[in-house]
K.L.:
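What follows is a single structure, and I will ask about it in a moment.
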Amino acid sequence: MSEPEILICPACDTANRVPRARLGDAPRCGSCKAALFEGQPLALDAGRFDRLIGTGTLPVLVDFWAEWCGPCKAMAPAFIAAARDLEPGFRLVKIDTEAEPTLAHRYAIRSIPTLMVVSGGREVARQSGVMDRASLVRWARAAAAS
């Protein structure tokens, strides 16, 4: 039997062990009973992001963005749609670079939107610029598979 995935609850940040074969069965948090997948990206601060990539085992697709960024706003609907396509195999998160400048600095974000795939706690791929839903999904899956 394969190792279970460790999913961080989007509501209470509790680590939950879920068998890989059960990821598609709408798992809920063992602590607060919230759904572990919401079909939409999670907006995280630095502490919650670090917990997610440090403890969680799913690949994470990160959108570094800012409220004032027109291209970021243009890509937002595609990123939300990608969450519905990629979950439960990925966790999608949004990091507001204005609210979390330490994360933007840590990952040397020079332009936004910048997309990054993190797997096993390390960056495995990066892409700057607007992407449509289908391209985003293809890119993320290819990056996580490599």
Side-chain angles (χ1 to χ4, degrees), residues 1-69 71-107 109 112-127 130-146:
M1 187 154 105
S2 66
E3 288 290 314
E5 295 289 349
I6 299 174
L7 306 178
I8 305 302
C9 177
C12 71
D13 291 331
T14 297
N16 292 268
R17 292 182 188 277
V18 178
R20 179 168 278 285
R22 304 279 321 263
L23 288 178
D25 294 343
R28 301 191 82 68
C29 177
S31 181
C32 74
K33 308 304 182 215
L36 292 176
F37 294 106
E38 300 175 331
Q40 62 183 6
L42 305 174
L44 300 181
D45 62 20
R48 292 185 73 207
F49 178 77
D50 289 341
R51 173 142 172 85
L52 179 70
I53 67 167
T55 305
T57 58
L58 289 181
V60 178
L61 176 56
V62 184
D63 175 16
F64 288 95
W65 71 288
E67 181 64 35
W68 53 262
C69 170
C72 298
K73 288 182 179 182
M75 190 177 74
F79 196 73
I80 291 167
R84 292 187 296 268
D85 292 340
L86 292 169
E87 287 183 354
F90 279 79
R91 180 68 80 189
L92 277 73
V93 302
K94 295 182 73 68
I95 301 294
D96 181 346
T97 58
E98 295 291 304
E100 297 299 331
T102 56
L103 280 178
H105 178 74
R106 181 190 317 166
Y107 290 102
I109 302 302
I112 52 176
T114 292
L115 299 167
M116 184 172 71
V117 175
V118 177
S119 185
R122 64 179 183 79
E123 178 182 343
V124 297
R126 180 183 294 223
Q127 172 75 39
V130 175
M131 295 176 80
D132 62 55
R133 180 201 55 80
S135 299
L136 205 158
V137 168
R138 268 192 312 276
W139 175 78
R141 286 181 175 149
S146 60

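Throughout, numbering of the chain's residues begins at 1 and tracks the sequence. Because the structure is a prediction, the values reported are computed rather than measured.
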K.L.:
Considering residues at least two apart in sequence or located in another chain, which fulfil the salt bridge (charged side-chain N to carboxylate O under 4.0 Å, His left out) criterion with Arg48?
P.N.:
Asp13
K.L.:
Enumerate donor-acceptor pairs with a distance under 3.5 Å from any side-chain N or O in residues 97-104 to protein atoms, sequence neighbours excluded.
P.N.:
residue: Thr97; atom: OG1; partner: Trp65; partner atom: O; Å: 3.1
residue: Glu98; atom: OE2; partner: Trp68; partner atom: NE1; Å: 3.2
residue: Glu100; atom: OE1; partner: Ala46; partner atom: N; Å: 3.2

K.L.:
List the steps and the verdict of salt bridge (Lys or Arg N to Asp or Glu O under 4.0 Å) for Lys73 and Glu67.
P.N.:
CA-CA 7 Å; Lys73 288 182 179 182; Glu67 181 64 35; 3.4 Å; yes
K.L.:
Could you pull out every donor-acceptor pair under 3.5 Å between side chains of residues 79-95 and any protein atom, sequence neighbours left out?
P.N.:
residue: Asp85; atom: OD2; partner: Arg133; partner atom: NH1; Å: 2.6
residue: Glu87; atom: OE1; partner: Gly39; partner atom: N; Å: 2.8
residue: Arg91; atom: NH1; partner: Leu36; partner atom: O; Å: 2.6
residue: Arg91; atom: NH2; partner: Ile8; partner atom: O; Å: 3.2
residue: Arg91; atom: NH2; partner: Leu36; partner atom: O; Å: 3.0
residue: Lys94; atom: NZ; partner: Asp63; partner atom: OD2; Å: 2.7

K.L.:
Flag yes if more than 12 heavy atoms outside Arg106 fall under 6.0 Å of its CZ atom; otherwise flag no.
P.N.:
yes
K.L.:
Could you check whether the rings of Phe49 and Tyr107 sit parallel, tilted or perpendicular, using 30° and 60° as the cut-offs?
P.N.:
perpendicular
K.L.:
Contact between Val62 and Ile53 at the side-chain level, heavy atoms closer than 4.5 Å - yes or no?
P.N.:
no
K.L.:
What closest approach, in Å, do Val117 and Ala140 show between heavy atoms, and which atom pair accounts for it?
P.N.:
CG2-CA, 4.3 Å
K.L.:
Short question: side chain of Asn16, backbone of Gly30 - any donor-acceptor pair under 3.5 Å?
P.N.:
yes
K.L.:
I need the Arg126 CZ to Met116 CE distance, nearest 0.5 Å.
P.N.:
6.0 Å
K.L.:
Is any side-chain heavy atom of Cys9 less than 4.5 Å from a side-chain heavy atom of Cys32?
P.N.:
yes
K.L.:
Could you grab the distance from atom OG1 of Thr55 to atom CG of Asp50, nearest 0.5 Å is fine?
P.N.:
9.5 Å
K.L.:
Answer yes or no: are there more than 12 heavy-atom neighbours, outside Arg22 itself, under 6.0 Å from its atom CZ?
P.N.:
no
K.L.:
Within a strict 4.5 Å, meaning less than it, do heavy atoms of the Asp25 and Val18 side chains meet?
P.N.:
no
K.L.:
Where do Cys72 and Pro113 come nearest, in terms of heavy atoms and distance?
P.N.:
SG-N, 3.6 Å
K.L.:
Does any N or O in the side chain of Thr57 come within less than 3.5 Å of the main-chain N or O of Ile6, such that one atom is a donor and the other an acceptor?
P.N.:
yes
